[in-house]
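Shown next, in structure tokens, is the structure this report addresses.
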Amino acid sequence: MKEAQTTHSDEELVALALEGDEDPFAMLVGRYQRRLTAFLSQLVGDIELARELSQEAFIRAWSALERFDPKYRFSTWLFRIAHNLGIDQLRRRRLSTISLYRQDGNGEEVEVILTDPGKDPLGHFENRALGSKIKDSIEGLRPEYRELVLLRHFAGLSYQEIAEMKSMPLGTVKNKLFRAHSVLRKELAESH
Amino acid sequence: MENHCQTTQENLIEVAGDIGRLAEAERGHVGTCTGCAEVATGERALHGILVSAVPPADTELQGRIIKLLPRQRLQRRRFRALLPVAASFTFILLGVSGLGAVPGGSMLASLPAWSAQCWLSLLGLLNDSGVAFMAASRVVATSLPPAFHLAAAGLMIIGLAGTVAATARWRRVLAWQHND
């Protein structure tokens, strides 16, 4: 199935889905699956797990569709569900692992999230060395910065959507992404 | 770093280094500021890398999700359909128990013999249950404060309101069933 191409907005599709038609929700799946899985794969560091969590996120959204408040964007609601699933998964994993720390570009300690090379979320990346560098750079960010980078570049959310989802002022989102990008640009420049 | 530079660079990050999407004043600033120009170049490169890091659409996963949707709706529909039925039944049971008998039961005797017999048997069963329940509840009620009776009455009113609300939603589920 190609990514959904329709003139209907997300909220219009949700309204149609609430009337009992599953096709509009299928369009939403087509519209957001790629970004949702990309976001989750970076969050949990495992592409297969990300696929399962994506499925779970969509099913939960479908089951709770009547509770969706059209005052908010569907994308932020969906990614909030996915984010909570990913964080729950990470918490379960942390209970049975030892935490490792390293210093980021600003000299601050950040927790390292180890990933299984066999389940590399960037396995599709043609330039393996660059993919590995990207992965390391993102994983090395402070959690609060890393999360925003994932929401911006993998989930594809706008600054406004991120601010809405995180209940954060727009200026704070801009500032944190500014700091995160400073670190990423610096590390990527050092790799060339 | 100057405040103006930081603001410009924050906006450069938001537009992924595409200077053409900045406001005119900021475009002019980038043209004259080495630091901001470097950030623009760096952001374009970073954006290109991050965009290509997003994997392609997973059609197999999408198909799997879509197949699961009707099953979820069916489970939800069953639960929603049962809820007002259970609430209505509970309310009826409370009412019958409170009265100790089915109202207007004596009128059933005027029905044709075969139906009257069936209904009277059922009525007798309900009556027995109601009488037994009432006897037990009277024993309990005498030892309970009036506030309990008030709470019980309130509960019945809430149950009635809940039944009405649930039934109203139930009609919407019925509309879905026409699409099966």
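Here is the naming used below: chain letters follow the sequence lines, and residue numbers restart at 1 for every chain. Because the structure is a prediction, the values reported are computed rather than measured. Excluded from the calculations below are hydrogen atoms, water molecules and symmetry mates; all remaining heavy atoms, backbone and side chain alike, are included.
Proximity to chain B (any heavy atom under 4.5 Å) is shown, for D23(A), by neither the backbone nor the side chain.
The NZ atom of K67(B) sits 14.0 Å away from atom CD of E22(A), with the distance rounded to the nearest 0.5 Å. For the atom pair CZ (F154(A)) and CG (L50(B)), the distance works out to 5.5 Å, reported to the nearest 0.5 Å. Rounded to the nearest 0.5 Å, atoms CG (L68(B)) and CD (Q55(A)) are 5.0 Å apart. Interatomic distance, Y159(A) OH to I13(B) CD1, rounded to the nearest 0.5 Å: 5.5 Å. Taking CG of N175(A) as the start and CD of Q6(B) as the end, the distance is 5.5 Å to the nearest 0.5 Å. Residue H181(A) holds its NE2 atom at 10.5 Å from CD of E14(B), rounded to the nearest 0.5 Å.
Nearest heavy-atom pair, I59(A) versus I65(B), reported as atom, atom and distance to 0.1 Å: CD1-O, 4.1 Å. Of all non-hydrogen atoms in V54(B) and R34(A), the two that sit nearest each other are O-NH2, 3.5 Å.
Under the 4.5 Å side-chain criterion, counting only non-hydrogen atoms from C-beta, S54(A) is in contact with L61(B).
Both V149(A) and M168(A) belong to a common hydrophobic cluster when Ile, Leu, Val, Met, Phe, Trp and Tyr are linked at side-chain heavy-atom distances under 4.5 angstrom.
By the 6.0 Å contact criterion, CD on E60(B) is enclosed, its count of non-hydrogen atoms from other residues, nucleotides or ligands being greater than 12.
Salt bridge present: R51(A) and D58(B) bring a charged side-chain N and a carboxylate O closer than 4.0 Å.
Of the possible donor and acceptor atoms, none in the side chain of R185(A) sits under 3.5 Å from a partner among the backbone N and O of T41(B).
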